[in-house]
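To keep things clear, I will list the structure first and then write my remarks on it.
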Amino acid sequence: MIFRRIHVDGFGIWQDLNLDQLSPGLNVLLAPNEGGKSTLMAFVRAVLFGFKRRRDPHRYEPLRGGNHGGYLDITTEGRNYRVARSDDGTSRGQVHLTGEDGSSYPAGKLDAVLRGTTETLYENVFAFGLDELQRLDTLQEDDVAGHIYSAGMGSGAMSPVAFRQSVQDDMEALFKTRGRKQPIGELLASIEEDEERIAQLRAAPEQHTELLRKEMHLREKLAVRDGRMEERQAEYDELLRTQRAWPHYEELLEAESTLQTIGIEPTQVHYAATEGAVEARAAARGDSEMIGTGELAVSETDLSSGRVDPAELMSSAQRILLRHANKIRGLLSSAERLSVLQNTVTERQETARSRRQSLIADVEELGSDWSLDRVRAVRTDVKARDEVRGWAERIHESEAAIRAAESRAGDANLVYEAMQETHEQIGRGTLIVTWGMVFAAIAGTSVLIPPPARFVSVMSVVSVGALIGALITWLHLRGQRERRAEQAIAAQREAELWQGHDDAKGTHSATHEDWGEWLGEQHLSTELSPQGALDLLDRVAQTQTADHRSHDAQKGVDLATADLQSACMDVLAILEEIDRRDLDIRYDTMKMVDPLLATIGELQAELEDVEAHRERIRSVLERHSSARAGLQALSGSDGADAFRERLASWDPDALARAVGTAQGQLRSVRADRDALNESLGALRQQITNLETDEALSDVLVERESRRAELVEAVNEWAGHAITAALYDEAKSKYEAERQPEVLQLAGQYLSQMTDGRYCRVIAPLGEVRLEVERTDNGERLPPSALSRGTGEQLYLAMRLALARAYGRRAVPLPLVADDILVNFDDDRARATAALLNDFANDGHQIFAFTCHRHLAETFTRNAPDARLQSLPAHA
Amino acid sequence: MASLSFIHCADVHLGAPVRGPARMPRGLRDRLRDAPSEAFARIVGEAIHREVDAVIVAGDLFDAEDRNLRAHVRLSRELTRLDEAGIDCLVACGNHDPLGGLSSGVTLPDSVHLFGPRVEVVPLRRDGVEIARVHGVSYEQSTVRRNLAQDFPRRPDGPFNIAVLHANVGDREQHGRYAPCRLRDLTETGFDYWALGHMHTRETLHSSRPVVHYPGNPQALHTREPGPRGATLVTVTESGSVELEPLWTDVVRWHRYRTSIDEIETIEDLAAEFGNIVGDVRLAAPNRLNIVRWTLYGSGPLHPLLNAPGKEADLRGALRTEHGVREQGNPVWLERIDVATHPTHDVDRLRRQPDYLGDMLGLAAELGEWRPTPLRQEVGAAQGSEQDPPAGGAIRLQLAQLLEEPRLVRALGHENVWDTLRFEELLHRAEARAVECLAPAEVDV
């Protein structure tokens, strides 16, 4: 767009100003201070966008007359328009847009012509002075900033900076270097703990091997202990055996000593091999001596020869005795037996006699008519007693029947007598009373009735009384008749009952007779009552028992007598045998029998001594044998002799001490072994625990689970990290390659103005601020770090860039700049003038106001195409 | 020849922890803990049930590094079960369980044959009659860079020759250089069956004489091993033909599902979709713990909601509660929802806009297949590498703040921290966030 003419009707100090010699390129307008440059700038803005509000100092009401407003003749996109603004009473004023041909356009058309350029944009980009150049905020207005910063930034739900921050937050929520509270830090710490635990648990195989080695070692030790214990046990058993054998050994020694004292060499005593055989077979040589009968050895032939002197005879008798020793012993024992039998017989006879006497007394007690035979004939068994009791019952019943009949008959008699008595009483009493009453009534009535009527009335009463008396008498007679009939019946009944009584009596006497008969049959007195019979039977039964006992005693006597007889027969038989054998013993010899018998007695005594001696030997031998057997049994595999030898080496005290010591040692070894066994058990348990310990597996799984969790967390974090990296990379790329066109152009312009000292103007992605990059070192500086002049150059560059960019996109509005080179050094002022010349030549009309002539000259020298003109003096 | 059958398994990794999802209920985590042991117990159970002639383990039976005594003791117990059933067990050691890695206190039954560091042969007998020969070799150390296949004999004698080897056949880059060899090294040897281990995914490299087979691992160890896992029952008929039957032994199984939100209007509809997934999973994989990773993609009204901070976690929690979180039987655990949905904006148009959002999207698009790599691997790489796309350096720098934090590196152990990044998804989410926050509303399509 270019302004072909600027015409002011009235605006501030200007009235009827007409500028029509305008270059389509760079116009340099020189005017002194207060020469109306700013007013002219405000006029152009007011025509295009409206007047300012009424109290706004920039409204520029006309100060020197003329209508408020004026017009611009513009050419844009090949067409000419006139835009006129006049005061129509509204604050903004009225705009008229007319075409080349004078045709009017509606007010909205101006927006289209301006391509939507807003007033703010215009003021900030296209019309600016030194003040604006020195203030960043003029570029921060939304309309402007959008062109600088939003270009290429999209317009999503979140700003880029907020987006990047949210990604960073997400990353840090999961992980921070050296952070322990974030999930990843926590997991790392937990896994480290797991690892430590695993390292400990992984020592299990070594521990296991070590434990197995220990176990083997313990088992070996245990085997040694077992062996030692067996030895100790054997020792102890041996000593214990020895100790147990000791009493046998002592007894054996004693027995042997005894044997030796009686002349038996213990070594020559042999025992039957059979168990319990204690019968000694003495050495054949010592047989006669042993049994002690040597001195009885009388020759049988000597005795029988008869040629013996008394001494010989004595000797002969001795021989006989010897020969018949057994028989004599038999006789002696028979004699003893006979004596016993005799005693028995005597005792039994005594018993029998006493029982007999007792029996006889019993029989006599029964009565003089009683004999033993009668006693024996009486039945005293249970059946007989039952029969007696039957009789007693029957007799009792018949007696009871008599008593009952008697009682009934007696009762009937009483009834009859009572009836008769009543009858008589009624007969007398009733009539007397009746008639008495009749008379009393008549008498009473006569007294009560007054005298005049008394007679008649007495007569009437007498008649009535007579009538009543007659009636009663009739009734009485009738009752008498009835009672007599009843009396007759009672008398008959009584007679019948008496008859029954007599019958009962008959029955009773018959029973009695039968009872007497039964008693007779039983050989008992017929006078006996059944109870008497029972008592008698008891006594008879006792007598019968005494009879039996007497009989038994007699039997005992008989048996004993028989035994005695038999014994006598035996003695006789023996004697007879002796007699037969010794028939040839001569009489003188026979005469010697007495002394012989005396000798026999002596011999007998001697024999008993021998027997006692023999018994002693037997006892010693028994003890000897038992002691030997005891030793034998305990000797074990040693053999009795070796065992005995060993026994001989001990004494009881030493043995007891040795047993005690051995027992102690055994106990100690056993305790040792038990302790080892216990250790072994504990070790085995440890091994089993180790072999079945789930801890390692558990921790491994636990760790893997945590690792899985960690991998998840790492992936989540990595997702954010990748997002962050992509964002950062895109940002760098954007900042390097895709800065808004504005900033790129600004960079070029700044470079041009600063002779290449600064090469780029950058807006960091997502941020509303600018940085300037130095060409020499790439350093980025914020505007605040620039000198005033360079800062103004930056902002000028930004405006030129914006104007160019906007011009490309919308419409290149003419640029109005008010004294912008004031703070530029000469070089930069020249460079800027040249830049503006080029810029204008690129089709962008510029109005550069200045109050400095040297600056105007700078333009004319460096901007060959610039058209310089002075504003007319308005004063 | 006599028919025979054996179970071929590998990479059991007993004692290694299964890398489960974070914050699982205790009961489910216990299942993870025992999963490899349970899987091996299932193999042993199958071997006994099917009365096989042998169990062959082609390396990495256990993880020596974890020194998990309990797992070793349990291994010993399981092998004793095999021993008691009269089944031989032939074990080659791999990079995770090199020779000598077993706890010295743990003893194995006599019927277990551990191959030595040189190829050796063990006859397999039934009723005293040789029915096969098993050749094998173990790793002496955890790193074996040599081609061990070359040590196996050529044209071996015997009724049926099985070679047991833990190796990276084809020298695949992602799987480390463990006894690398070429398939031809195996197929030209004259063996009947190559029992391989090392690859965790079941694969048959050569299907007829020789059969060259990886059974995969019997139990997946982490989320990157989805799908069924198990061992292989190998049956050799009298005619010498070889049949392979998979035995699925895993007790924990990972699943990946993808659902487009294009047609989904409400969160309730989305939850119903997940309900269907749970139903499918339960049907397909009974008797085990199932872990589901669910990816949502496409564009629709749910996109802003799903991408709101914390929303994925909320939704995950709600779905876990609603579906399948039971500790017994056949639980289904939703591990994670990967939200890869995109906004309704015309992102391509936004990318062309000459503004910084356009720049951001453009930079993201330029990354293409690029993946961030650690900074310190390069000398003087503080500003990124020249091969990096424009934003690559910035991303690496930004990520390095955490990813090269020494504590994190230590915490994740062997796992390369940078490898744990789901970069594509993260980039997608970064773009979505930028568009959501920075794009002008009027450009909505």
Side-chain angles (χ1 to χ4, degrees), chain A residues 152-158 160 163 166-167 170 175 177 184 187-188 191-192 195 202-205 208-209 211-212 687 690-694 696-698 700-712 714-715 717-719 721-731 733-734 738 765, chain B residues 15-24 29 32-34 66-73 103-105 309 336 353-357 359-360 363-364 390-391 394-395 397-399 401-403 405 407-408 410-413 415 417 420-422 426-427 429-430 433-434 436-441:
Chain A
M153 279 175 36
S155 54
M158 213 179 227
F163 176 75
S166 76
V167 174
D170 288 347
F175 171 71
T177 314
I184 290 178
L187 282 167
L188 290 175
I191 291 172
E192 276 168 11
E195 292 289 3
R202 278 187 177 155
H208 186 243
T209 309
L211 289 178
L212 287 177
I687 291 168
L690 210 56
E691 285 177 347
T692 54
D693 188 16
E694 294 176 350
L696 177 62
S697 301
D698 277 342
L700 285 173
V701 167
E702 181 77 22
R703 185 193 62 189
E704 291 312 316
S705 164
R706 285 198 220 282
R707 279 181 171 171
E709 212 172 323
L710 181 62
V711 166
E712 287 308 302
V714 166
N715 267 278
W717 180 91
I722 291 166
T723 312
L726 284 175
Y727 174 93
D728 292 347
E729 194 63 16
K731 180 179 176 234
K733 181 176 168 154
Y734 164 84
R738 205 182 286 284
L765 179 61
Chain B
V18 173
R19 294 181 205 159
R23 296 174 195 274
M24 271 180 120
R29 235 166 52 193
L32 289 180
R33 180 189 66 195
D34 297 328
D66 279 309
R67 310 180 60 73
N68 194 332
L69 178 66
R70 179 168 172 264
H72 294 187
V73 170
S103 299
S104 58
R336 200 174 71 212
Q353 289 287 107
D355 53 19
Y356 79 96
L357 176 60
D359 286 346
M360 262 183 95
L363 286 167
I395 289 173
L397 271 175
Q398 190 70 259
L399 291 175
Q401 287 177 43
L402 172 61
L403 270 58
E405 163 80 30
R407 289 174 67 205
L408 179 69
R410 277 200 304 275
L412 289 182
E415 188 150 31
V417 186
T420 66
L421 292 186
R422 304 187 296 278
L426 299 178
L427 190 63
R429 296 186 75 140
R433 183 174 183 180
E436 208 66 37
C437 296
L438 301 171

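So that the names make sense, note that chain A is the first sequence line, chain B the second, and so on, each numbered from 1.
Of the listed residues (A:P205, A:A724, A:S166), the greatest number of heavy-atom pairs within a distance under 4.5 Å of chain B belongs to A:P205. Ranking B:L32, B:V18, B:N68, B:D34 against chain A, the residue ahead of the rest is B:N68, based on heavy-atom pairs under 4.5 Å. Among A:L710, A:N715, A:I687, the residue making the largest number of heavy-atom pairs under 4.5 Å with chain B is A:N715. Interface summary for chain A: among B:T420, B:L408, B:L69, the most heavy-atom pairs under 4.5 angstrom belong to B:L69. Between chain A and the options B:A364, B:A430, B:P21, B:G20, heavy-atom pairs under 4.5 Å are most frequent for B:A430. Between chain B and the residues A:E195, A:R202, A:R703, A:E702, the most heavy-atom pairs under 4.5 angstrom are made by A:R202. Per-residue counts of heavy-atom pairs under 4.5 Å with chain A were compared for B:R33, B:M24, B:R23, B:Q398; the largest is that of B:R33. Of the listed residues B:H72, B:R407, B:R19, the one with more heavy-atom pairs under 4.5 angstrom with chain A than any other is B:R407. The candidate with the highest count of non-hydrogen atom pairs below 4.5 Å against chain B, out of A:V167, A:D728, A:L211, is A:V167.
At a threshold of 4.5 Å between non-hydrogen side-chain atoms, the residues A:L690 and B:V73 do not count as touching. Counting only heavy atoms from C-beta outward, the side chains of B:M360 and B:L438 approach each other to under 4.5 Å. Counting only heavy atoms from C-beta outward, the side chains of B:L421 and B:L399 approach each other to under 4.5 Å. By the 4.5 Å heavy-atom criterion applied to side chains, B:Q401 and A:T177 are not counted as neighbours. Between A:D170 and A:W717, the closest side-chain pair of non-hydrogen atoms is not below 4.5 Å.
Within the 4.5 angstrom heavy-atom criterion, only side-chain atoms of A:I184, from C-beta onward, approach chain B. Contact of A:S697 with chain B is made through backbone and side chain together, with heavy-atom distances under 4.5 Å. Of the atoms belonging to B:R336, it is side-chain heavy atoms, and not backbone ones, that fall under 4.5 Å from chain A. If you measure heavy-atom distances from A:L212 to chain B, the contacts under 4.5 Å come from the side chain alone. The part of A:F175 that comes within reach of chain B is its side chain, from C-beta onward, which places non-hydrogen atoms under 4.5 angstrom from that chain. Contacts of A:L700 with chain B are made by both backbone and side-chain atoms, with heavy-atom separations under 4.5 Å. Contacts between A:D698 and chain B at a heavy-atom distance below 4.5 Å involve backbone atoms as well as side-chain atoms. Contact of A:D693 with chain B is made through the backbone alone, with heavy-atom distances under 4.5 Å. Interface residue A:E691: backbone and side-chain heavy atoms are both found under 4.5 Å from chain B.
Once rounded to the nearest 0.5 Å, the distance linking CG of A:L726 with NZ of A:K731 reads 14.5 Å. Note that CZ of A:R706 and CG of A:L187 are 7.5 Å apart. Values are rounded to the nearest 0.5 Å.
Between A:E704 and A:R707, at least one side-chain N (NZ, or NE/NH1/NH2) sits under 4.0 Å from a carboxylate O, which counts as a salt bridge. The pair A:E712-B:R422 meets the salt-bridge criterion, with a side-chain N (NZ, NE, NH1 or NH2) lying under 4.0 Å from an Asp/Glu carboxylate O. A salt bridge does not link A:K733 to A:E729: none of the charged nitrogens lies less than 4.0 Å from a carboxylate oxygen.
Here the closest non-hydrogen pair linking B:P17 and A:V701 is CB-N, 4.1 Å.
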